[in-house]
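Below is one structure, written out as structure tokens; comments come after it.
Here the structure is a predicted model, which is why all the values come from computation and not from measurement. Excluded from the calculations below are hydrogen atoms, water molecules and symmetry mates; all remaining heavy atoms, backbone and side chain alike, are included.
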Amino acid sequence: MFEAIMLNEKQINEYVDNGYVIPDFKMDEKDLLEIEILHDNLIQKYPKYLNYCPALLQYDEKFLKYCLNETILDFVQQLIGHNFALWNSSFFAKPALNGHATPWHQDGQYWPIRPLATCTVWLAIDDATEENGCLRFIRGSHKDKKLKKHEFNKNKNLTLHQELLKTEYNENDSVSLILKRGQISLHDVYLVHGSEANFSPNPRRGMTMRFMPTTSVFDHELAREKYNNLN
């Protein structure tokens with residue numbers, strides 16, 4: 001009989017204490033190859049998303065299949081409750097040799113979710129290493145449940161442009177999120193994180209899935225306000 005994979009008590013406590021967890025999970029190789037093909041097709045149609053596509057499902061709903069992986073949904077349910085919704089999926093491609101950096105930030109700075117509450121699943125399509133610009137997390141930086149001060153960085157070689165003020169975090173406290181192809185991490189909406197540029201010969205592709213409890217709503221008025229402030 002099939003036995004579901006679930007987070008154990010230690011892993012749940014890691015998420016609560018550190019703001020992230022790496023569960024015992026690996027996406028099927030067949031699914032990873034399908035995602036690669038879908039992403040290649042996306043980039044052929046929309047070259048501007050070579051480094052980062054903020055809304056995958058808007059351009060190809062076939063990506064939805066992987067967001068609805070039953071094991072991943074079970075993990076999310078354990079962390080944010082039974083009633084939750086997928087509200088976004090994105091792709092950080094970070095190609096070889098000239099992959100853009102992602103500045104230190106909190107996801108909640110970008111998202112018009114109120115009350116602010118989201119669990120992000122980050123799926124490694126390639127091995128994520130320090131050499132090719134893996135994510136870096138600052139453990140426990142989510143605990144005060146507050147958005148810290150950001151400023152706009154107009155550097156075109158960044159995937160995102162809201163950057164934490166350097167007085168708001170200590171980079172020396174960061175840990176590298178090293179993942180094998182097919183592994184995932186889950187992290188909290190307030191967790192401070194970022195990643196370096198990729199100058200290695202290996203790509204560092206990652207697909208994200210954003211889930212929010214249904215006690216929160218997507219505030220469209222706030223979304224327009226955030227968009228106007230960035231343009």
Side-chain angles (χ1 to χ4, degrees), residues 18-20 48-56 87-124 128-179 185-200 203-210 212 218-219 221-231:
N18 297 330
Y20 71 96
K48 66 180 180 179
Y49 295 135
L50 176 63
N51 264 277
Y52 171 54
C53 180
L56 278 180
W87 69 271
N88 174 267
S89 179
S90 58
F91 207 103
F92 291 84
K94 197 170 284 198
L97 303 177
N98 190 29
H100 291 177
T102 299
W104 288 101
H105 69 285
Q106 294 167 293
D107 290 339
Q109 177 70 11
Y110 293 88
W111 298 343
I113 304 296
R114 295 296 182 267
L116 190 55
T118 294
C119 174
T120 293
V121 177
W122 201 96
L123 168 65
T129 67
E130 291 181 339
E131 289 71 30
N132 67 5
C134 66
L135 276 175
R136 293 189 293 160
F137 290 154
I138 296 184
R139 288 178 178 147
S141 54
H142 67 301
K143 283 190 172 181
D144 60 5
K145 301 297 180 186
K146 293 181 180 178
L147 291 180
K148 307 179 193 305
K149 293 181 180 178
H150 293 66
E151 61 184 354
F152 186 78
N153 187 332
K154 62 182 180 181
N155 185 337
K156 293 182 179 180
N157 293 320
L158 295 174
T159 56
L160 304 174
H161 296 280
Q162 289 288 329
E163 183 173 21
L164 270 172
L165 297 181
K166 293 191 181 299
T167 54
E168 293 286 350
Y169 67 98
N170 185 348
E171 191 170 344
N172 293 330
D173 294 336
S174 66
V175 294
S176 296
L177 184 70
I178 296 173
L179 298 175
S185 68
L186 300 94
H187 69 264
D188 183 87
V189 66
Y190 289 102
L191 186 71
V192 172
H193 60 291
S195 65
E196 298 290 344
N198 179 18
F199 300 119
S200 81
R204 195 235 60 181
R205 292 166 294 184
M207 178 178 167
T208 65
M209 310 159 200
R210 323 277 194 186
M212 69 178 186
F218 188 96
D219 188 328
E221 187 64 34
L222 182 58
R224 283 189 288 270
E225 179 183 325
K226 285 180 174 289
Y227 178 82
N228 290 334
N229 287 340
L230 293 176
N231 292 277

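Although no hydrogens or angles enter the test, the distance criterion places a donor-acceptor pair under 3.5 Å between the side chain of N88 and the main chain of P54. Side-chain atoms of N51 never come within 3.5 Å of backbone atoms of G99 as a donor-acceptor pair (strictly under, hydrogens ignored). Side-chain atoms of H150 come within 3.5 Å of backbone atoms of K148 as a donor-acceptor pair (strictly under, hydrogens ignored).
The shortest distance between side-chain heavy atoms of Q162 and H105 does not fall below 4.5 Å. Counting heavy atoms from C-beta outward, W104 and I138 have side chains that approach closer than 4.5 Å. Residues N198 and P95 have side chains not in contact (no heavy-atom distance under 4.5 Å, counting atoms from C-beta outward).
Closest non-hydrogen pair, H161 versus N155, comes out as CE1-O, 2.8 Å. Scanning all heavy atoms of the two residues, the minimum distance from I178 to C134 falls at CG1-SG, 4.4 Å. The shortest heavy-atom contact between L97 and F199 is O-CD2, 3.3 Å. Nearest approach of R139 to V175, heavy atoms of both residues: CZ-CG1, 3.7 Å. Taking each heavy atom of S90 and R210 in turn, the nearest pair found is OG-NH2, 3.3 Å. Considering all non-hydrogen atoms of both residues, N18 and H142 come closest at C-CE1, 3.4 Å.
Taking the six-membered ring for Trp and thresholds of 30 and 60 degrees, W111 and W87 have ring planes more than 60 degrees apart, a perpendicular arrangement. The aromatic rings of Y20 and F137 sit tilted relative to each other, their planes meeting at an angle between 30° and 60°.
Across R136, H187, Q106, a single residue satisfies side-chain contact (heavy atoms from CB on, under 4.5 Å) together with H193, and that is H187.
To the nearest 0.5 angstrom, E130 atom CD is 11.0 Å from L177 atom CG.
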